[in-house]
Amino acid sequence: MSDICIKPQLLRHVLPRVLSVALLTSLAGCGLFNENKKLPPAPKIAAPETLYNNGIDALRTRRYALAASEFETLQQNYPYSGYIANAQLMEGYAYYLKGKYPEAVQQLNRFISLHPTSSDSAYAYYLRALCFYEQIADVQRDQQGTAESMDALEEVITRFPQSKYARDAQLKIDLCRDHLAGKEMLVGRYYQREKNYEGAINRYQRVVQDFQTTNHVPEALERMVEVYLDLGLTDQARKSAIVLGYNYPGSKWYRYAYDNLHRYHLLTDKFPIPGKIVSASDMPKDAEPGTAGAKKGTAMEPDALATDTRNENTQPQTMPIKAAPVTPVKAEPTAPADSASSPAK
């Protein structure tokens, strides 16, 4: 028998067709074997009132991450629900309690932009300001966050001057100012140790002039006495000590200044005895700096929030916002879940 000879040209045309038929056959076979297999059903999303109540329950049991997840799921799947506004605010509150302040600010900004006329707007602005307030850094570090906190707190006062949040915001602004004054004192003391007396005086003077109601003013005046004495500027040292004595006669800082002047033989009858109460009529003209007694504002405990969350001994409490039901709410007519891609009204 003679050998069969297959031309190369024939292989080039026939071989691709044979491979294509084999591939289609294998795919058909797979389809036949998998014909009876079904895809797993899509997970069923709970009703909006169920999601909302689950979030409320999670808040009350301090499961803040779960609460935020429930409120977020509600917003994504039921954008036209009547619970949207409350869910946004509560999600921001959950993030605040969790200590996730950037996420809380983002959520609260979302609430403020979508519901500017809401009855809870004052609280939203206040809670956003607290998120900045909680992030204030130690005086050893940059104080940009303190400035941002003051701006946010001042916005609460400007927009809602008669609210209880405005009163608490003012107290926290006083604490921020005290914090900034502490930063100035820290830098001033450093300059003084390095014998950069001009820089030290500038820092101390700023505390006296710009932060008059803080409790750093007595020390700033006493430090000014020290620097002026080191520079040999006795008249300026006397004036600073007189201001200190007539405004803070019972302060330890005045005792220090009084002792320094006594050592340099610079005391006169103008200087009150340390600890003696001085009346306004006894105050000489050069002792009127325009400064009042330094009082450090103590933040009250708001009804809607727990005590300052910096205190490790306190546990945050759930916000009793009136729109947040304690008992399960009734079902409401809602748009279908596939409407989640549409913008909320």
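Note: hydrogens, waters and symmetry copies are ignored here, and every other heavy atom, side chains too, is used.
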Please examine the side chains of Arg128 and Tyr96, heavy atoms only from C-beta on, and report whether any two atoms are closer than 4.5 Å.
-> no
Determine, step by step, whether Tyr83 and Glu49 satisfy the side-chain contact (heavy atoms from CB on, under 4.5 Å) criterion, reporting the C-alpha distance in whole Å, the side-chain angles of both residues, the deciding distance to 0.1 Å, and the verdict.
-> CA-CA 8 Å; Tyr83 303 113; Glu49 64 273 7; 3.6 Å; yes
Can you tell me if Ser121 uses its side chain to pair, donor with acceptor, with the backbone of Ser118 under 3.5 Å?
-> yes
Could you go step by step and tell me if Asp168 and Lys172 meet the salt bridge (charged side-chain N to carboxylate O under 4.0 Å, His left out) rule?
-> CA-CA 6 Å; Asp168 189 64; Lys172 286 180 169 55; 2.8 Å; yes
For Val187, the rest of its hydrophobic cluster, which grows through side-chain links under 4.5 angstrom | Tyr190, Tyr191
Sorted by chain and residue number, the side-chain hydrogen bond (donor to acceptor under 3.5 Å, both in side chains) partners of Arg189 (sequence neighbours excluded) come out as Glu219
State plainly whether the residues Arg263 and Asp259 are in salt-bridge range, i.e. N to O under 4.0 Å.
-> no
Flag side-chain contact, heavy atom, 4.5 Å: Leu229 against Leu266 | yes
Between Ala87 and Tyr52, which heavy-atom pair has the shortest distance, and what is it?
-> N-CE1, 4.0 Å
Asp174 CG to His179 NE2 distance, which is reported to the nearest 0.5 Å = 14.5 Å
Kindly compute the distance separating CD (Glu148) from CG (Leu153), expressed to the nearest 0.5 Å.
-> 12.0 Å
Separation of Leu108 CG from Leu127 CG (nearest 0.5 Å) | 5.0 Å
Following the transitive rule for hydrophobic clusters with a side-chain heavy-atom cut-off under 4.5 Å over Ile, Leu, Val, Met, Phe, Trp and Tyr, establish whether Leu66 and Tyr93 coincide in one cluster.
-> no
Phe271: what forms a ring-ring contact (aromatic ring centres under 6.0 Å, His included) with it, not counting sequence neighbours?
-> none
Taking all non-hydrogen atoms of both residues into account, name the closest pair between Ala181 and Val207 and its distance.
-> O-CG2, 3.9 Å
Report the residues that fulfil side-chain hydrogen bond (donor to acceptor under 3.5 Å, both in side chains) with Asp230, sequence neighbours left out, ordered by chain and then residue number.
-> none
Non-neighbouring partners of Asp269 that pass salt bridge (Lys or Arg N to Asp or Glu O under 4.0 Å), sequence neighbours left out = none
Pairwise side-chain contact, Val217 with Phe211, heavy-atom cut-off 4.5 Å (strictly under) | no
State whether the side chain of Asn247 and the backbone N or O of Val243 hold a donor-acceptor pair below 3.5 Å, judged by distance alone.
-> yes
Set of ring-ring contact (aromatic ring centres under 6.0 Å, His included) partners for Tyr256, sequence neighbours left out = Trp253
Under the 3.5 angstrom rule, does the side chain of Thr146 hit a backbone N or O of Leu180 as a donor-acceptor pair?
-> no
Among all residues two or more places apart in sequence or in another chain, which pass the side chain to side chain contact (heavy atoms under 4.5 Å, CB included) test with Arg159?
-> Tyr125, Glu155
Can you tell me if Asp120 uses its side chain to pair, donor with acceptor, with the backbone of Tyr123 under 3.5 Å?
-> no
Gap separating the CD atom of Glu154 from the SG atom of Cys176, nearest 0.5 angstrom = 9.0 Å
Closest non-hydrogen contact found for Val225 with Ala237 is CG2-O, 3.6 Å
What residues, two or more places apart in sequence or in another chain, satisfy side-chain hydrogen bond (donor to acceptor under 3.5 Å, both in side chains) together with Arg177?
-> none
What are the two closest non-hydrogen atoms of Ala166 and Phe160, and how far apart are they?
-> CB-O, 3.1 Å
Side chain to side chain contact (heavy atoms under 4.5 Å, CB included) against Glu226, all qualifying residues, sequence neighbours excluded = Gln192, Glu222, Arg223, Asn260
For Glu72, look at atom CD and say whether over 12 heavy atoms of other residues, nucleotides or ligands are found less than 6.0 Å away.
-> yes
Without swapping roles, check the side chain of Gln212 against the backbone of Gln209 for a donor-acceptor pair under 3.5 Å.
-> yes
Evaluate the side-chain proximity of Leu130 to Tyr101: yes if any heavy-atom separation is below 4.5 Å, no if none is.
-> no
Please report the closest heavy-atom contact between Lys270 and Tyr246, naming both atoms and the distance.
-> O-OH, 2.8 Å
Nearest non-hydrogen partners of Ala200 and Gly188, listed with the distance | CB-O, 3.6 Å
Under the side chain to side chain contact (heavy atoms under 4.5 Å, CB included) test, residues paired with Thr158 that sit two or more places apart | none
Going by the salt bridge (charged side-chain N to carboxylate O under 4.0 Å, His left out) test, which pairs reach into residues 197-218, not counting sequence neighbours?
-> Glu184-Arg203, Glu184-Arg206, Arg206-Asp210
What about Val105 and Tyr95, same hydrophobic cluster or not, with Ile/Leu/Val/Met/Phe/Trp/Tyr joined at side-chain heavy-atom distances under 4.5 Å?
-> no
Would Asp57 and Arg60 count as a salt bridge (charged side-chain N to carboxylate O under 4.0 Å, His left out) if you check the C-alpha gap in whole Å, the side-chain angles of each, and the deciding distance to 0.1 Å?
-> CA-CA 5 Å; Asp57 291 339; Arg60 298 192 181 283; 5.8 Å; no
Are the aromatic ring centres of Tyr254 and Tyr248 under 6.0 angstrom apart?
-> no
Does some side-chain heavy atom of Leu175 sit less than 4.5 Å from a side-chain heavy atom of Tyr133?
-> yes
To the nearest 0.5 Å, tell me how far Thr73 OG1 sits from Glu91 CD.
-> 9.0 Å
Partner set under side chain to side chain contact (heavy atoms under 4.5 Å, CB included) for Ala67, not counting sequence neighbours = Ala58, Leu59, Phe71, Ala94
Cationic tip of Lys98 above Tyr64 ring, under 6.0 Å, 45° of axis | no
Hey, are Arg110 and Gln75 close enough side-chain-wise for a donor-acceptor pair under 3.5 Å?
-> yes
Spacing of Cys131 atom SG and Gln106 atom CD [to the nearest 0.5 Å] | 12.0 Å
Stepwise, does the side-chain contact (heavy atoms from CB on, under 4.5 Å) test hold for Lys239 with Ile242?
-> CA-CA 5 Å; Lys239 289 180 180 179; Ile242 289 175; 5.8 Å; no
